[in-house]
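Just so you know, these numbers use all the heavy atoms, side chains as well, and skip hydrogens, waters and symmetry mates. For clarity, every value in this text was computed on a predicted model and none was experimentally measured. Residue numbers start from 1 in every chain, and the chains themselves are labelled A, B, ... in the order their sequence lines are given, proteins ahead of strands.
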Amino acid sequence: MKQILWSGADFSLSQTLESGQCFRFEKDAGTGAYTAFAGDRAGVFMQEGPDVFLCKGRVEDIPFWRQYFDLERDYGTLKERLAAGDAVMAEAVSFAPGIHLLRQEFFETLISFILSQNNHIPRIRGLAARLCAEYGKEMGGWSAFPTPEELARADEASLRRLGCGFRAVYLVDAVKKVCAGGYAAEELERLGTEELRARFMEIKGVGRKVADCVMLFSLGRYEVFPADVWIRRVMEAAYFGGEPLSLRALQETAAARFGKDAGFAQQYLFHYGRMKKIGK
DNA sequence: GCCCAGGTATAAA
DNA sequence: TTTATACATGGG
C-alpha cells in the first residue's frame, strides 16, 4: 500500500517527528520509514521529496493524519512571521524549516510531558511504551495510549513499579483531575492561553514548561511557539554547528521575546545552557 | 559503574 | 522575587 498523504513544501516528516514533540514513533533504519502512533491509531509513513506517503495503515485515517501533522496550514507565512526581525528565530527556522506543530490528543500529550521532566528522550519513550502496554488497549502487536479512565486503574505504587519514579504522584493527580472533568476539547478551546496555562498548572508536577508543551504540541497554540521547539533548535544549532550563538545573545533575545516573563526565559535557557554546556 | 535527563516543588537566600 | 537542591530511574 502506498497512499499519498500530502504533497507540498515546508514539511519534513523526520524533522517534525524527531523534534521532541512526541514520544511514540519508530524509525526503520533500513527504509527510513516512520511508524507513528497516536492514541489508538498507527501508520507507517515515508517521505520522498515533498511527497509524504501513508505506506501502512487505514485509508480512512488519512484525514486524521493530515490534521495530526498540521499539513493544511501555511507554514511559509507562519515562519516568515516568526522570523521577521528576529535573528534567533530566523536561525531556528533555517535550521529546521520542515518542523510542523503536531496536533496530538490532549491527554496523551499531557501525560507524556509529565513523564518528560528531568528525563531523557529514550527513557521517556520507554516509559510511554510501558504505560501503553500495561494500561492501553491491545491493538495486535502494539498498544494504544491509555484513556484517562484506563489510566485511573493505576495507583502510585504500580506506576512506580513501571519506573515512573517521583512522577508517579504527578500522573495520579493529572488522571484524577482529568477524570473529574473540565478538560474536554471544547472546554479547552474556549480558554485563552493564560487561563489554559493556569488550568494546567493546577496539576501537580505541571509547571510552565509542561503546560506550554501541551499547548504547543496538542492544542496548536502558536503564540507560545517560541518557548519551546524553536528555542531548542536554536540551542542545537548553536551547539552542534554553524556560527556559535553566545548564551548572552540568546538570553537577551529571549528576554525581549518574553517581556514580563524574562525570568522564565532566563531559567529556561539556564537549563538548556547547562544541558548543552553552552556558555559558562 | 557513572552520568545525567525536553522540570518541578520546595526551601533558602 | 530570585536562586539552589532533591527527586527516582535506567538509557547510553
Student: With heavy-atom distances below 4.5 Å as the criterion, would you say the side chains of A:Leu151 and A:Leu171 are in contact?
Tutor: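 A:Leu151 vs A:Leu171: side chains apart.
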Student: What is the separation between atom CG on A:Leu127 and atom P on B:dG7, rounded to the nearest whole Å?
Tutor: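 My rounded result for the distance is 14 Å.
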Student: In whole angstroms, how far is the P atom of B:dT8 from the CZ atom of A:Phe200?
Tutor: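 So the CZ-P distance, A:Phe200 to B:dT8, works out to 13 Å.
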Student: Measure the shortest side-chain to side-chain distance between A:Phe107 and A:Val175 over non-hydrogen atoms and say whether it is less than 4.5 angstrom.
Tutor: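 Yes, side chains in contact.
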Student: Hydrophobic cluster mates of A:Met139, side-chain heavy atoms under 4.5 angstrom, ILVMFWY only, any path?
Tutor: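 A:Phe37, A:Trp142, all in the cluster of A:Met139.
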Student: Tell me every residue that passes ring-ring contact (aromatic ring centres under 6.0 Å, His included) with A:Tyr170, counting only those two or more places apart in sequence or in another chain.
Tutor: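 Residues passing ring-ring contact (aromatic ring centres under 6.0 Å, His included) with A:Tyr170: none at all.
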Student: Take the protein atom CD of A:Gln117 and the nucleotide atom C1' of C:dT9, then report the distance between them rounded to whole Å.
Tutor: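 These atoms are roughly 13 Å apart.
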Student: In whole angstroms, how far is the P atom of C:dC7 from the CD atom of A:Glu156?
Tutor: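 One finds 15 Å between P of C:dC7 and CD of A:Glu156, rounded.
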Student: From the options C:dC7, B:dG6, B:dT8, select the nucleotide whose nearest atom is closest to the side chain of A:Phe23.
Tutor: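 Between C:dC7, B:dG6, B:dT8, the one nearest the side chain of A:Phe23 would be B:dG6.
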Student: May I have the distance from A:Ile99 (atom CD1) to B:dG6 (atom P), rounded to whole angstrom?
Tutor: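 Rounded to whole Å, this separation is 16 Å.
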Student: Report each atom pair, protein N/O against N/O of nucleotides 10-12 of chain C, whose distance is under 3.5 angstrom.
Tutor:
| residue | atom | partner | partner atom | Å |
| --- | --- | --- | --- | --- |
| C:dG10 | O4' | A:Arg123 | NH1 | 3.2 |
| C:dG10 | N2 | A:His120 | NE2 | 3.1 |

Student: Please identify each residue that fulfils side-chain hydrogen bond (donor to acceptor under 3.5 Å, both in side chains) with A:Ser12, with sequence neighbours left out.
Tutor: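 A:Ser12: side-chain hydrogen bond (donor to acceptor under 3.5 Å, both in side chains) contacts with A:Ser14.
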Student: Could you measure between the two P atoms, the one in B:dG6 and the one in C:dA4, and give it in whole Å?
Tutor: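 Comparing P positions in B:dG6 and C:dA4 gives a spacing of 22 Å.
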Student: Whole-Å distance between B:dA5 C1' and A:Asn118 CG?
Tutor: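 Going from A:Asn118 (CG) to B:dA5 (C1'), I get 6 Å.
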Student: Once side-chain contact (heavy atoms from CB on, under 4.5 Å) is applied, do any residues pair with A:Ala184, and if so which ones, sequence neighbours excluded?
Tutor: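 A:Ala184 satisfies side-chain contact (heavy atoms from CB on, under 4.5 Å) with A:Glu186, A:Glu187 only.
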Student: Whole angstrom is fine here: how far is it from CG in A:Leu115 over to P in B:dT8?
Tutor: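 A:Leu115 atom CG is separated from B:dT8 atom P by 13 Å.
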Student: Polar atom pairs between nucleotides 10-13 of chain B and protein, under 3.5 Å, N or O only, would you list them?
Tutor:
none

Student: I'd like the P distance from C:dA8 over to B:dG1, given in whole Å.
Tutor: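 So the two P atoms sit 24 Å from each other.
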Student: A:Arg208 CZ to B:dA9 P: how many Å, rounded?
Tutor: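 It works out to 14 Å between those atoms.
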Student: List, by chain and number, the other hydrophobic cluster members for A:Tyr34, where Ile, Leu, Val, Met, Phe, Trp and Tyr join if side-chain heavy atoms come within less than 4.5 Å, directly or indirectly.
Tutor: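 A:Met1, A:Leu5, A:Trp6, A:Phe11, A:Leu13, A:Leu17, A:Phe25, A:Phe45, A:Val52, A:Leu54, A:Val59, A:Ile62, A:Phe64, A:Trp65, A:Tyr68, A:Phe69, A:Leu71, A:Leu102, listed by chain and number.
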Student: Which residue pairs satisfy the side-chain hydrogen bond (donor to acceptor under 3.5 Å, both in side chains) criterion with at least one member in residues 151-168 of chain A, sequence neighbours excluded?
Tutor: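 Non-adjacent pairs meeting side-chain hydrogen bond (donor to acceptor under 3.5 Å, both in side chains): A:Tyr135-A:Ser158, A:Asp155-A:Ser158, A:Glu156-A:Arg160.
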Student: Looking at C:dA8, does its base get a donor-acceptor pair with the side chain of A:Arg167 below 3.5 Å?
Tutor: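 Flag set: donor-acceptor pair detected.
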Student: Using the side-chain hydrogen bond (donor to acceptor under 3.5 Å, both in side chains) rule, collect all pairs that involve residues 23-33 of chain A, keeping only residues at least two apart or in two chains.
Tutor: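 Sorted result for residues 23-33 of chain A: A:Arg24-A:Glu108.
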